[in-house]
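Data block below; observations after.
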Amino acid sequence: MIAEVVINRNVKKLNKTFDYQIPEELQDQILIGSRVFVPFGNQKEPEEGFVVGIKETTRFQVKTICSVEGNRFLNQEDLELAKWMEKRYFCNLADCMKLLLPPGVTTKEIGNRVKEKNLKFVRLNKETEELEEEIKNRILKSEKQIQLIRFLMENGETLITEVEELSGVSRAVMKTLEKNGYVTIFEKQVERNPFLHKVVQKTGNLPLTEEQQNAFRQIADAMDDCFFSEFLLEGVTGSGKTEVYLQLIQKCLQEGKSSILLVPEISLTPQTVDRFLARFGEEKIAVLHSKLSIGERYDSWNKIKQGRAQIIIGARSAIFAPAQNLGLIIIDEEHDDSYKSEMTPRYQAKEVARYLARRENIPLVYGSATPALETRYRAQKEEICLLKLTKRANQASMPKVEIVDLRQELARGNHSMLSQRLFEEMQENLERKKQTILFLNRRGFSTFVMCRDCGYTAKCKNCDISLTYHRKEEKLKCHYCGYETNLLQVCPECKSKNIRYFGTGTQKLEEEIQKRFPGARTIRMDIDTVTKKNSHEEILNKFREEHFDILIGTQMVVKGHHFPDVTLVGVIAADSNLNMGDFRATEKTFQILTQVAGRAGREKEPGRVIIQTYNPDNFSIQCAKEQDYDVFYQTEMELRKQLKNPPFCDIIVIGIHSENLEYVQKVSQKLYQVMKKQIQTENLPVILYSPLPAPVDRIKNKIRWRMLLKCKFEDWVADFINQSIQICEQELKQKDLQKTNIVVDLNPTNMM
Ligand code: ADP
Ligand code: ZN
Ligand code: ZN
């Protein structure tokens with residue numbers, strides 16, 4: 001028999017199948033989806049690959065498969081999904097298949113290490129009474145030995161590292177006791193438990209409000225009918241969407257089905273997970289996200305695969321979890337950008353979820369206070385069933401939002417970052433011992449360096465992006481590639497010493513706050529203060545538990561946190577995102593302002609929100625003030641329609657990247673001509689824009705050009721693009737192509 005194998009290497013050229021002979025003795029083990037090792041090219045080591053087809057004969061002279069990995073992780077269905085992704089997201093089949101494998105197995109060296117975690121434990125060999133006798137009769141007399149034995153009597157079998165740490169007795173003593181037969185040291189495979197040391201108060205179902213009940217009922221009915229259907233749960237912040245999720249998941253659990261809940265990476269905090277732990281206990285839950293070690297992710301994956309965990313909570317990639325008997329998929333904060341992968345394979349988790357829900361005949365629920373226009377448009381067209389939650393669930397009122405015109409502040413001579421109104425409100429909050437959040441949109445707000453005489457700005461030599469000033473280390477850094485350099489004393493262009501550090505970053509804001517409110521305790525959260533594992537969470541916990549007065553932060557403060565004592569939210573400059581040259585800028589601004597405002601007054605005390613802006617009349621800011629999604633939606637949709645932007649079409653970005661400008665231009669031009677010609681001759685409904693440098697036109701020394709296509713994305717579009725690239729490759733010289741990457745991205749969230 002012959003196996004068709006794809007090679008697991010991220011090389012476009014290798015994205016095809018190769019035929020191999022299946023050895024007689026492996027006939028039973030090699031199936032579609034098997035992971036095999038095969039001789040490849042003139043390499044010494046066998047190459048890793050996946051079997052994607054099996055047939056009787058081949059017309060080629062073929063080599064024989066060397067070995068097969070015992071566990072077969074992928075089945076025919078998985079292969080179908082991978083093939084669907086390969087086409088839709090312009091990537092290699094093997095890369096897609098890898099997403100479906102247990103974490104870590106394809107990485108050769110760590111593969112074996114992650115699989116099992118054997119830890120050393122120590123336990124007593126004798127009964128308590130016997131030991132007490134021996135101590136009494138002074139058969140055992142060493143102080144240290146007795147200390148250790150007493151420790152084990154109290155604690156039972158214990159990790160040896162913990163014994164050392166907690167009993168204060170060295171390992172040598174343990175060894176002596178082992179030699180004399182009192183204790184045994186043994187290895188045991190343990191599950192790495194990410195919930196370790198967690199005590200959570202159990203909660204029960206809350207009686208649902210009428211709106212919640214209606215939403216729950218409709219989705220539950222779809223579940224009972226075993227029907228693929230999509231729901232958009234559009235609920236203002238604090239309207240109790242999560243309670244609806246909890247009760248739907250419970251229904252699944254009762255019926256022996258699994259559910260997947262996707263949340264944005266950044267809101268996958270212990271605080272979020274705790275609500276699920278409190279309802280369902282840790283046994284049934286598996287959490288998957290990028291901060292877990294590969295080993296921890298492997299354990300979660302196994303727990304799911306074996307059907308022990310039926311509630312899967314995770315960021316984007318958790319959609320690929322091997323859920324058993326899947327009954328429901330929920331995507332919370334569905335408008336969030338993190339559901340789109342910015343790395344190969346550049347998939348959109350919402351689309352994968354839809355594929356799976358359709359395959360499994362189950363409901364798919366999107367939840368948000370500010371749905372993506374694309375999703376809401378599908379609801380308007382009745383492809384998705386719209387379910388609204390219009391009121392806050394716990395009787396909390398919606399926050400009162402006020403807009404402050406910064407132009408008027410300037411005219412009045414106020415050059416500080418705080419308007420008079422915000423200053424007053426903050427003062428009042430401080431006096432009343434309530435908490436305040438100040439929100440600063442990061443983009444366009446980083447501190448940069450400029451010569452006041454000639455206008456020179458310091459830029460990264462690899463990326464052509466302004467370097468950011470980091471006060472703590474006294475360095476200039478590039479946020480794209482990590483390049484750093486010392487501060488400038490003299491302008492390299494005009495030799496002036498008149499160098500100025502511009503910008504109003506979070507550091508500067510914190511300094512200003514400390515100056516103007518000398519007694520206030522402030523805490524800052526941004527890309528600089530959030531570094532090591534968990535630190536994001538630590539800052540938020542500190543803010544809440546130690547009752548800091550003011551939290552100053554970037555985007556990170558926006559999502560999914562519940563602070564009972566926050567009654568004031570200040571937005572320092574709402575417009576910093578409006579001019580970033582992305583057609584989604586207004587949508588992003590509206591979403592982020594609505595989310596920030598939603599942080600205020602989530603309990604009994606009503607919340608106030610002050611939005612400072614230079615564009616008080618901009619409709620995204622006005623709509624955020626009114627918390628009026630519908631008006632925002634209508635207005636923005638008109639604009640999108642006029643400009644032929646999504647959701648009225650799909651956008652495909654073809655990036656052409658190389659270190660050499662000449663290659664980039666040649667390849668771009670060629671590809672453009674090939675596509676243009678075909679569009680004209682075949683009269684294809686595609687709008688093609690000519691190639692141009694990308695807004696960020698150099699990253700890590702690669703020059704980046706791009707070409708935009710607008711059309712309705714369907715299979716033929718993928719074929720058209722792939723064929724065009726092939727023709728282009730055939731017609732160009734090897735040299736031009738060799739060091740050029742062509743990257744195709746369907747509906748990227750970041751247009752930079
Ligand atoms: P969302 O997910 O829409 O932001 P949450 O589910 O976090 O909203 O709910 C906000 C608050 O309202 C929480 O404190 C939650 O416990 C409470 N809550 C939700 N549903 C109910 C209900 N039916 N009755 C009482 N309180 C509720
Ligand atoms: Zn200068
Ligand atoms: Zn750089």
Side-chain angles (χ1 to χ4, degrees), residues 200-220 231-251 259-264 266-280 311 313 315 328-336 339 365-372 375-376 386-399 401 435 437 540 544 557-567 569 590-607 609 624 627-629:
V200 193
Q201 196 87 43
K202 193 113 178 73
T203 64
N205 286 352
L206 296 172
L208 297 178
T209 64
E210 213 179 299
E211 289 178 329
Q212 283 175 320
Q213 181 60 33
N214 173 50
F216 174 83
R217 208 45 278 156
Q218 295 211 39
I219 301 165
F231 297 90
L232 171 56
L233 188 57
E234 182 186 316
V236 295
T237 51
S239 58
K241 296 185 287 295
T242 311
E243 185 62 34
V244 177
Y245 305 157
L246 283 161
Q247 299 197 17
L248 288 168
I249 289 171
Q250 182 170 45
K251 179 175 158 65
S259 22
I260 295 179
L261 170 68
L262 296 189
V263 298
I266 192 138
S267 53
L268 191 58
T269 60
Q271 214 190 338
T272 312
V273 177
D274 282 356
R275 288 183 72 176
F276 291 84
L277 286 176
R279 193 68 56 94
F280 303 113
I311 302 169
I313 306 176
L328 173 70
I329 304 174
I330 300 170
I331 303 178
D332 191 30
E333 309 279 2
E334 67 85 32
H335 62 277
D336 195 90
Y339 292 124
V365 180
Y366 309 94
S368 176
T370 53
T375 312
R376 188 58 165 67
L386 181 61
L387 303 167
K388 281 198 184 187
L389 304 180
T390 57
K391 295 189 253 334
R392 282 193 161 176
N394 57 354
Q395 252 87 57
S397 50
M398 293 303 285
V401 187
Q435 291 180 298
I437 294 178
L540 294 174
R544 189 175 42 231
V557 304
V558 177
K559 284 168 193 156
H561 309 290
H562 195 72
F563 303 108
D565 270 335
V566 172
T567 51
V569 169
F590 173 76
Q591 282 167 350
I592 212 155
L593 291 179
T594 310
Q595 298 281 334
V596 190
R599 293 310 109 208
R602 286 169 69 97
E603 301 272 313
K604 282 157 214 86
E605 181 108 12
V609 180
Q627 302 262 299
D628 193 337
Y629 180 84

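In each ligand, atom 1 is the first atom listed, and ligand 1 is the first ligand listed. Side chains are part of it too, since the values below use all heavy atoms of this structure and drop only hydrogens, waters and symmetry mates.
Ligand 1 has an N or O atom lying under 3.5 Å from an N or O atom of Arg275, backbone or side chain. Note: an N/O pair closer than 3.5 Å links Gly238 and ligand 1 by distance alone.
Considering only residues two or more places apart in sequence or on other chains, Lys251 meets the salt bridge (Lys or Arg N to Asp or Glu O under 4.0 Å) condition with Asp224, Glu255.
Per-residue contacts place Pro207 under 4.0 angstrom from the following atoms of ligand 1 (heavy atoms of the residue considered): 22 (C), 23 (N), 24 (N). The distance from ligand 1 to the heavy atoms of Leu208 drops below 4.0 Å at these ligand atoms: 23 (N).
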Would you sort out whether Leu246 and Asn205 count as a side-chain contact (heavy atoms from CB on, under 4.5 Å), showing the intermediate values? CA-CA 8 Å; Leu246 283 161; Asn205 286 352; 5.8 Å; no

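Taking CG from Leu262 and OH from Tyr366, the interatomic distance works out to 11.0 Å, rounded to the nearest 0.5 Å.
Counting only distance, with no hydrogens or angles, the side chain of Lys241 and the backbone of Gly367 share no donor-acceptor pair below 3.5 Å.
At a heavy-atom distance under 4.0 Å, no atom of Glu210 approaches ligand 1.
In this structure, Arg392 falls outside the shell of residues with a heavy atom less than 4.0 angstrom from ligand 1.
Among residues at least two apart or in separate chains, salt bridge (charged side-chain N to carboxylate O under 4.0 Å, His left out) pairs with a member in residues 200-214 are Glu211-Lys391.
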